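No experiment lies behind these values; they were computed from the predicted model shown. In what follows, every chain begins at residue 1, and chains take the letters A, B, ... in the order their sequences are listed.
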Amino acid sequence: MSEWIAFRFLELIPKSYLGEAVAFLFFDTPKVLLLLTLVVFIVTFLQTFVNPTRVRDALSKRRPGLGNALASLFGIITPFCSCSAVPLFLGFLRAGVPLGVTFSFLVATPMVNEIALGMLFAMFGWKIALLYAGTGVAIACTSGLILGRLHMERYLENWVQGALTAPALGEVEEEQSTLPARFDLAVQGVKEIVGKVWPCILAGIAVGALIHGYVPERFMASLLGKNHWYSVPLAVLIGVPLYSNAAGVMPIVEALLGKGAALGSTLAFMMAVIGLSLPETIILSKVMRPRLIAMFVGVVATGILLVGYLFNAIL
Amino acid sequence: MLIEVFGPGCAKCQTLEKHAKPAAEQSGGDHQMVKVSDYAVMVARGILSTPALALDGHLKFQGKVASSDEILSLLKA
């Protein structure tokens with residue numbers, strides 16, 4: 001269909017740069033938007049069953065190890081927006097969740113993005129989706145264990161110590177939800193998320209289309225291929241400043257893989273884009289001293305690099 | 001009734017505030033609306049995700065941008 005539009009209707013020449021780019025554009029736009037709608041609906045519906053309060057209670061007083069693993073897994077599905085990072089961080093610590101376990105959660109939430117996971121599953125199959133989730137959880141778990149071991153509590157801002165021990169005020173009511181209400185929330189989620197991210201997706205598809213149409217087949221392989229030591233750090237360096245939505249990065253991933261970029265480098269690129277975000281780091285600097293922020297970013301970045309190298313080596 | 005809207009000032013929190021205003025006006029009665037953006041207060045109140053809304057000290061929901069209608073029905077309840 002997309003080939004018909006590109007090659008017959010617009011009379012572009014197959015195998016020409018422009019022709020291939022336009023075909024990608026028409027093929028990918030409806031596909032990605034439809035998949036995204038479906039994924040967001042399912043994810044938002046499932047998320048009505050999880051809330052941060054329950055996760056916090058499940059994690060409080062957990063020992064490092066199991067606690068880190070649970071926190072990383074919960075991090076995947078718990079609904080989270082970066083402006084909630086501070087209250088969540090403080091609330092966890094206050095309830096007795098160890099610092100390292102809290103870090104595992106904070107690393108896993110953005111890194112293993114639930115929507116990215118659903119999109120990967122829908123577009124590339126369960127193996128790549130599982131690889132992404134598995135490595136993300138491993139990074140979150142290990143980062144939390146390391147940061148917990150280092151006893152970084154002293155690098156929290158001073159006011160935080162006070163806030164953690166201040167007496168509780170007011171009461172919290174547990175929300176009850178019915179099945180129709182959960183469906184409503186899922187529909188709302190689709191409207192809100194798809195309504196907001198479609199420009200990101202179009203931008204992602206446009207970049208993907210350019211790569212698909214104009215970048216020579218072997219170029220990506222030589223740049224992000226598995227035989228070069230620099231391909232993984234390069235992918236991370238390109239990825240970090242690119243702050244894109246999880247869904248927007250998918251078409252780029254698709255085009256990169258299609259052009260011979262190695263899977264490890266591509267995964268590293270994707271994790272850097274989604275997992276290490278500048279806005280979240282800035283928000284967290286309100287509670288953490290620069291040294292702790294630097295450790296946090298450093299440990300996570302190292303984890304992403306290791307994953308990239310590992311998969312380039314074994315696949 | 002005391003209506004408290006909690007949030008650090010992100011887009012979602014501002015939207016919730018915008019939804020709460022007409023709801024307060026429609027429900028009639030004497031309402032006082034306060035915006036709370038102090039993290040220390042949020043933590044003490046048990047808030048983990050923003051935006052959140054409390055009525056007379058009871059936290060009604062968090063991590064959600066409720067519609068005006070939803071807030072109105074909470075005010076009437």
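With B/Y39 as the partner, the side chain to side chain contact (heavy atoms under 4.5 Å, CB included) test is satisfied by one option alone out of A/V86, A/V160, A/V287: A/V86.
Looking at B/V65 and A/Q188, their side chains never come closer than 4.5 Å, going by heavy atoms from C-beta outward.
Note that CD1 of B/I47 is 12.0 Å distant from CG of A/L88, once rounded to the nearest 0.5 Å.
With sequence neighbours excluded, the residues satisfying salt bridge (charged side-chain N to carboxylate O under 4.0 Å, His left out) with B/E70 are B/K64.
Between B/A40 and A/W159, the shortest heavy-atom contact is N-CZ3, 3.9 Å.
Among residues 91-104 of chain A, the residues having any heavy atom closer than 4.5 Å to a heavy atom of chain B are, in sequence order, A/G91, A/F92, A/R94.
In terms of modelled atom types and a separation under 3.5 Å, the side chain of B/S49 and the main chain of A/S84 share no donor-acceptor contact.
For NZ of B/K35, the number of neighbouring non-hydrogen atoms (other residues, nucleotides, ligands) closer than 6.0 Å is greater than 12.
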